[in-house]
Amino acid sequence: MGFRQHKFGSAGIGLMMGFSMSITLFFPSFDFRSGVSTWVGLDKQLSAGRLIGFSYEDPLVRGDGKPVTVILDKDPSTGAAIDPPIRAYVYKPGTPFSPGINHTDQLGLGVEELSVNVGKINDAKPGDGIVFTIVKGEFNGEELDYVENATAVRGWTVDKVLSSVGDDAKRFVGAGKTIYITEGCWWCHTLLPEETQDWQYFGTPPYLGDFNGEMPTAFGSDRKAPDILHVASRNSSREWMYMHFFNPRLVQPNSIMPRFDYLWAPIGKGPSDARDASGASIDFPKWRAEYMTYLKGDSIYPPDVPEPAADSQVRALVDWIMTSLR
Amino acid sequence: MLLKLLFAKNEDIPVGSATIFFGYSSIFWFVVGTGLGSFNAAKLAFPDWVTGTELFAFGHMRQVHVLAVILGWISMAFAMTMMYMTPSLGNTKLWSEKLGLWNVFLWNIGLSLGLLLLWMGITSGREYSDLIWPIDLVVIFGVLLPLGINVWMTIAHRKTQGIYITNWFFGSMIFLTIITVTIGQSPELFNLTGLTEAYLTFWHAHNLLGLWITPVAAAIAYYTIPKITGNPLYSHRIGHLHFWSIIAFYSTPASHHLMSAPLPEWLKSFASVEGVLILIPAVAFIANILLTMKGKWSLFVENVEIKFSVTGVLLAIPLNMQGGFQQTRAINWYVHGTGWIVAHAHLALLGMSTFLEIAAVYFGLQAMLRRKLYSLALANLHYWFVIVGFCIYWISMTIAGLIQGAGKIYEVPYIDVVIAEHPYMIARWIGGTMVFTGNTIWLYNMWMTAREGTIIPDGRYAHEMAYER
C-alpha cells in the first residue's frame with residue numbers, strides 16, 4: 001500500500017485545474033476589466049437597470065423595478081430646445097441603479113473618472129429618484145461618453161422630466177428587454193453579428209465596451225432567425241412590428257416565428273386580459289376565424305391588428321427594439 | 001415507499017434502493033425531455049400548431065427540454081450508475097443508501113420546481129444556466145454535493161487496493177462539475193455583468209459538456225463493456241491517458257463557443273488549439289473500448305446492453321471529429337450558430353452519451369432489482385426507434401445547418417433560408433418523435449420488469465440469462 005493513488009490523483013488534478021483556471025479565468029479577467037464603456041454600453045445599462053431576469057425587484061420577471069428611458073428634445077428645466085434629442089434615464093424612487101453606478105470601476109478607465117468627478121454619480125441614492133444622461137467629456141486628450149447625474153448637475157428631477165414629455169417620448173426599454181428574455185426570443189434571434197460577411201447584412205459586430213454592466217448579455221447561440229442587433233436600422237416601422245408580432249404570417253408568409261398576440265395584455269397580465277388602445281377586450285377566436293377566411297382566399301384583406309394599449313407588453317418590447325437595437 | 005425509506009435507518013434500507021429510484025427517475029425525465037423535444041420540433045415545422053398562450057410558446061418550452069434532458073435524464077442516469085458501479089468496483093457497499101435516497105428526492109423536487117418556473121418564464125436568461133439562482137443553489141447543495149460525498153466516501157471505503165478508471169472519472173468529474181456550476185452561476189449570485197457574464201455562461205456550458213456529460217458517459221463504458229463481455233479492459237494505461245488528457249486539455253476551450261464575440265483574441269486562439277486536442281482522449285477512449293470487444297463482437301448483435309454501448313462508442317467517432325475541427329476559426333465561421341451545431345449537440349447528448357447511459361440503466365436496474373428484463377423484443381424495438389430517430393434528426397439537422405451556413409456567407413435573404421430548411425424541420429420532428437416513442441416503450445418495459453420480470457437466482461447475471469426462458 002505504499003503507492004497511494006488518491007494522493008497522486010489529487011495533486012495532479014489540482015495542478016492541472018490550477019493551470020486551466022489561470023488560463024481560462026484569471027488571465028482573461030484582466031482583459032475583461034480593461035474594457036472601457038462605449039455610448040452603447042452606457043445606454044444599455046442605464047436603460048435596463050440593475051439586471052434583467054430573476055431579481056429581488058422583479059421576482060416574477062415581468063419587467064418591474066426598471067427605469068424609463070425618455071427622449072428629450074427640450075430641456076425640462078429651461079425649455080431650451082435640445083438638438084439632436086438626447087436620452088434621459090429616469091429612475092423613480094426605489095428603482096435599483098444599474099451596475100456601473102453602484103460599482104463605478106466597471107465603467108472603465110476615463111469613463112469612471114469623468115462620471116464620478118464631473119457627472120457626480122456618487123451623489124445619487126436609489127431612494128431619491130434620479131435622472132441620468134450620457135454626455136461627452138475629455139479624459140487625457142481622449143473624447144469619451146460618460147454618465148451624468150442630471151438631477152444633481154442640471155436639476156432635472158424625475159417629475160419634471162416625466163411631465164415635460166408626452167407618452168410617445170417614453171420608452172419602456174428595461175421592461176421590453178425583460179420580455180425579450182422571458183419569451184425566449186433569444187433562442188432563435190441572436191444579438192451578435194459575426195465577424196464574417198454578417199456585418200454587411202446584419203450590421204457591425206459589437207465592440208469590447210458595448211457590454212459593461214449588461215446582465216444577461218443573451219447573445220444567442222442557435223440562429224434560427226435573423227440577427228436583430230441592428231434591426232431598427234433596417235426597419236423602423238412600429239406598425240410593421242405590431243403586425244409581425246400579432247401574426248408574423250401577415251407580413252411574411254413563410255415565417256416560422258410564433259404568434260405573440262398574447263403580448264397585447266398589460267405588463268404582468270395573461271392573454272385573457274388583452275386590450276386594444278381603446279380599452280376594448282380583444283376577441284381572439286373572432287380574429288382567427290376572420291384570418292382563416294383570408295387564408296382561404298374568401299376575403300381580400302386580413303383582419304386589422306388591434307392597436308396596442310400604452311401599458312401593453314408588446315409596446316414595451318417594441319420600445320426596446322426601436323430604442324436599443326439601432 | 002420513497003418517503004418511508006427516507007426516514008428508515010441506513011442499515012434497514014435494501015441495497016440498491018438508490019440505484020433503483022435514480023434509474024426510474026432518469027427514465028421518466030428522459031420521456032418528459034424527449035416529449036418536449038418532439039413538441040418543440042413540431043412548432044419549428046408548423047409554427048401555428050398550438051398558439052394563443054405563452055405556456056405553449058416555443059420560447060417557454062425550449063429551455064425546459066434542454067434542462068430536463070441534461071439535469072433529469074443524463075445527470076440522473078449518471079447518478080444511477082454511480083450508485084451501483086462505484087461500490088461494485090471497490091468491492092464494497094454504497095457509503096450511504098439513505099443519502100442516495102435523499103439525493104434523488106431533492107433532485108426530483110428541485111428539478112421539477114426549476115423547470116416549472118422556467119416554463120412560466122421565470123429565468124435568468126443565460127443559456128444552459130437558465131435556472132434562477134435559488135434553484136442553482138439547490139443544484140449545487142442538494143444535487144451535486146450529496147452525490148459527490150456518496151461517491152467519494154464509497155471510493156475511500158473501497159476494499160480493493162487500486163482505483164479502477166471508472167471511479168477515477170466519477171470521483172473527479174463530480175468535483176470538477178461542482179466547481180463548474182458554482183463558478184458558472186457566480187454572475188447570478190454576485191451580479192457579475194457584461195462580457196464576464198457572457199464568457200462565464202459559455203465557460204459553464206462548455207465544461208458541463210466537456211467535464212461531465214461526455215467523460216462520465218465514457219467512464220460508464222469502461223465498466224459495462226468489460227463487465228458484460230467478460231473481457232478485461234484492453235489497457236488501463238490508455239484509460240489513464242484518456243482521463244488525464246481530458247483534465248488537461250478539455251477544461252480550457254470554453255471560449256471556442258464565442259468565436260465571434262469581442263473576447264481577447266489570444267483566448268480564442270488558445271481555446272481553438274486546445275479544442276483540437278480533444279482528439280487525444282477521444283482516440284484513446286474509442287480504441288480502448290473497441291479493442292476490449294475483441295473476440296466478443298457477436299454480442300453487438302445478441303446483447304442489448306452491448307448493442308447500445310458499442311453504438312454509443314461508435315457515435316463518439318463522428319462526435320469528436322466534428323467537435324475537434326468545427327471550433328477552429330476556419331470552419332467555425334461557416335457553421336457557427338447554424339443547425340450543424342444543433343446536430344452536433346444532439347450527437348453528443350442523444351448519440352454518444354445517451355446510448356452509453358441507456359445500456360448502463362438497463363444493466364443496473366436488472367442487477368439491482370434481481371429481475372430479468374421483461375421483454376428483450378421491446379428492448380430491441382427501443383434500440384431501433386432511438387437509433388433511427390436519432391439518425392434522421394442528426395442528418396436532417398446537419399443538412400439544414402449547411403444550408404444556413406451557405407445562406408450566411410453568401411448573404412441570402414434570411415427568409416429564403418427558412419423556406420429551404422422547412423423539409424428538414426419536418427424530418428427533425430419525425431426523428432425526435434421516434435426517439436420519444438422508443439422511450440415510452442422503454443418506460444413500459446422497465447415498469448413491467450419491476451413487476452413481472454423473471455427473478456434472477458443468486459450467483460447469476462441478467463445478461464447470462466438473456467436467451468433463457
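Lettering of chains follows the sequences in order, A, B, ..., and the numbering in each one begins at 1.
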Side chains of B:Glu197 and B:Thr201 only: does a donor on one sit below 3.5 Å from an acceptor on the other? yes
Greatest number of heavy atom pairs closer than 4.5 Å to chain B - which of A:Phe202, A:Tyr201, A:Phe284, A:Tyr207: A:Tyr201
In terms of heavy-atom proximity below 4.5 Å to chain A, should B:Gln404 be classed as side chain, backbone, both, or neither? side chain
Relative to chain B, which segment of A:Met257 carries a heavy atom at a distance below 4.5 Å: side chain, backbone, both, or neither? backbone
Parallel, tilted or perpendicular, as decided by the 30° and 60° cut-offs, for the rings of B:His206 and B:His256: perpendicular
Between B:Asp130 and B:Arg62, is there a side-chain N and carboxylate O pair less than 4.0 Å apart? no
Out of A:Pro258, A:Pro248, A:Ser272, A:Ala225, return the one with the most heavy atom pairs under 4.5 angstrom to chain B. A:Ala225
Highest number of heavy-atom pairs under 4.5 Å with chain B: which of A:Leu51, A:Ile181, A:Thr178, A:Thr217? A:Thr217
Ring-ring centroid check A:Phe246 A:Phe260, cutoff 6.0 Å: no
Okay, B:Met259 and chain A: the region with an atom under 4.5 Å from a heavy atom over there is backbone
Counting only heavy atoms not in B:Phe175, do more than 12 sit closer than 6.0 Å to its CZ atom? no
Given heavy-atom pairs under 4.5 angstrom as the criterion, report whether the side chain, backbone, both or neither of A:Gln45 touches chain B. neither
Is chain A contacted by the side chain of B:Ile155, its backbone, both, or neither, given a heavy-atom distance below 4.5 Å? neither
Could you check which of B:Pro413, B:Ala205, B:Ala156 has the highest count of heavy-atom pairs closer than 4.5 Å to chain A? B:Pro413
Residue part contacting chain A, namely of B:Ser124, when any heavy atom lies under 4.5 Å: backbone
Most contacts with chain B, counted as non-hydrogen pairs under 4.5 angstrom, among A:Leu263, A:Asn212, A:Asp222: A:Asp222
Below 4.5 Å from any heavy atom of chain A, which atoms of B:Ala198 appear? Answer side chain, backbone, both or neither. both
A:Phe26/A:Phe30 aromatic ring centres below 6.0 Å: yes
What residue in B:Ala57, B:Ala271, B:Ala261, B:Ser172 has the most heavy-atom pairs under 4.5 Å with chain A? B:Ala261
Counting only heavy atoms from other residues, nucleotides and ligands, does the tally under 6.0 Å from CE of B:Met153 exceed 12? yes
Distance flag, aromatic centroids of B:Phe58 and A:Trp187, threshold under 6.0 Å: no
Using non-hydrogen atoms only, which part of B:Glu421 is less than 4.5 Å away from chain A: side chain, backbone, both, or neither? neither
Output, in order, the C-alpha distance, side-chain angles, deciding distance and verdict of salt bridge (Lys or Arg N to Asp or Glu O under 4.0 Å) for A:Arg234 and A:Asp227. CA-CA 11 Å; A:Arg234 299 197 290 274; A:Asp227 188 283; 5.8 Å; no
Tell me if the centroids of the rings in B:Trp49 and B:Phe39 come within less than 6.0 Å of each other. yes
Does any backbone or side-chain atom of B:His336 lie under 4.5 Å from a heavy atom of chain A? Answer side chain, backbone, both or neither. both
Less than 4.0 angstrom from a charged side-chain N to a carboxylate O is my criterion; do A:Lys66 and A:Asp58 meet it? yes
Relative to chain B, which of A:Gly53, A:Cys188, A:Pro226 shows the most heavy atom pairs under 4.5 Å? A:Pro226
Where does A:Lys44 contact chain B at under 4.5 Å (heavy atoms): side chain, backbone, both or neither? neither
If you count heavy-atom pairs under 4.5 Å between each of A:Met21, A:His103, A:Glu214, A:Arg50 and chain B, which one has the most? A:Glu214
Within the 6.0 Å centroid threshold, strictly below: A:Tyr180 and A:His189: no
Do you know which of B:Val342, B:Leu44, B:Thr193 has the most heavy-atom pairs with chain A at a distance under 4.5 angstrom? B:Thr193
Is it the side chain or the backbone of A:Arg62 that comes within 4.5 Å of chain B heavy atoms, both, or neither? neither
Okay, B:Glu274 and chain A: the region with an atom under 4.5 Å from a heavy atom over there is neither
Winner by heavy-atom pair count (cut-off under 4.5 Å) against chain A, out of B:Ile419, B:Leu267, B:Ile415: B:Ile415
Under 4.5 Å heavy-atom distance to chain B, tell me which part of A:Pro99 shows up: side chain, backbone, both or neither. side chain
Would you mind checking which part of B:Ile179 comes under 4.5 Å of any heavy atom in chain A, side chain (CB onward), backbone (N, CA, C, O), both or neither? side chain
Tell me, out of B:Met61, B:Arg126, B:Glu127, B:Glu188, who's got the most heavy-atom pairs with chain A below 4.5 Å. B:Glu127
Check: B:Lys159 side chain, B:Gly90 main-chain N or O, donor-acceptor pair, under 3.5 Å: no
Okay, A:Leu192 and chain B: the region with an atom under 4.5 Å from a heavy atom over there is side chain
Quick one about A:Arg288 and B:Thr51 (side-chain donor to acceptor, distance below 3.5 Å, no hydrogens or angles considered), yes or no? no
Top contributor to chain A contacts, counting heavy-atom pairs under 4.5 Å, from B:Trp168, B:Phe249, B:Phe270: B:Trp168
Does the side chain to side chain donor-acceptor pair (under 3.5 Å) test come out yes or no for B:His204 and B:Ser129, once each step is laid out? CA-CA 8 Å; B:His204 166 265; B:Ser129 312; 3.2 Å; yes
Relative to each other, are the rings of A:Trp287 and A:Tyr291 parallel, tilted or perpendicular (30° and 60° limits)? parallel
Measure distances from A:Gln252 to the heavy atoms of chain B and classify the residue's part below 4.5 Å as side chain, backbone, both or neither. side chain
Residues A:Trp186, A:Phe219; criterion ring pair (Phe, Tyr, Trp, His ring centres under 6.0 Å); working and verdict: CA-CA 7 Å; A:Trp186 54 290; A:Phe219 289 149; over 10 Å; no
Of the backbone (N, CA, C, O) and the side chain (C-beta and beyond), which part of A:Pro59 lies under 4.5 Å from a heavy atom of chain B, both, or neither? backbone
Segment of A:Asp261 engaging chain B (4.5 angstrom heavy-atom cut-off): side chain
Would you mind checking if A:Arg249 and B:Asp48 are paired as a salt bridge, meaning a charged N to carboxylate O distance below 4.0 Å? yes
Engaged part of B:Phe46 at the chain A interface, taking heavy atoms whose separation is under 4.5 Å: neither
Check each atom of B:Tyr410 against the heavy atoms of chain A and say whether the ones under 4.5 Å are side chain, backbone, both or neither. neither
Contact origin within B:Trp266 toward chain A - heavy atom pairs under 4.5 Å: side chain
Without swapping roles, check the side chain of A:Thr38 against the backbone of A:Gly41 for a donor-acceptor pair under 3.5 Å. yes
By a 4.5 Å heavy-atom criterion (distance strictly below it), what part of A:Ser221 contacts chain B: side chain, backbone, both, or neither? both
Looking at A:Asp105 and A:Arg33, does any basic side-chain N land under 4.0 Å from a carboxylate oxygen? yes
Measuring heavy-atom distances to chain A, does B:Leu200 have an atom under 4.5 Å in its side chain, in its backbone, in both, or in neither? side chain
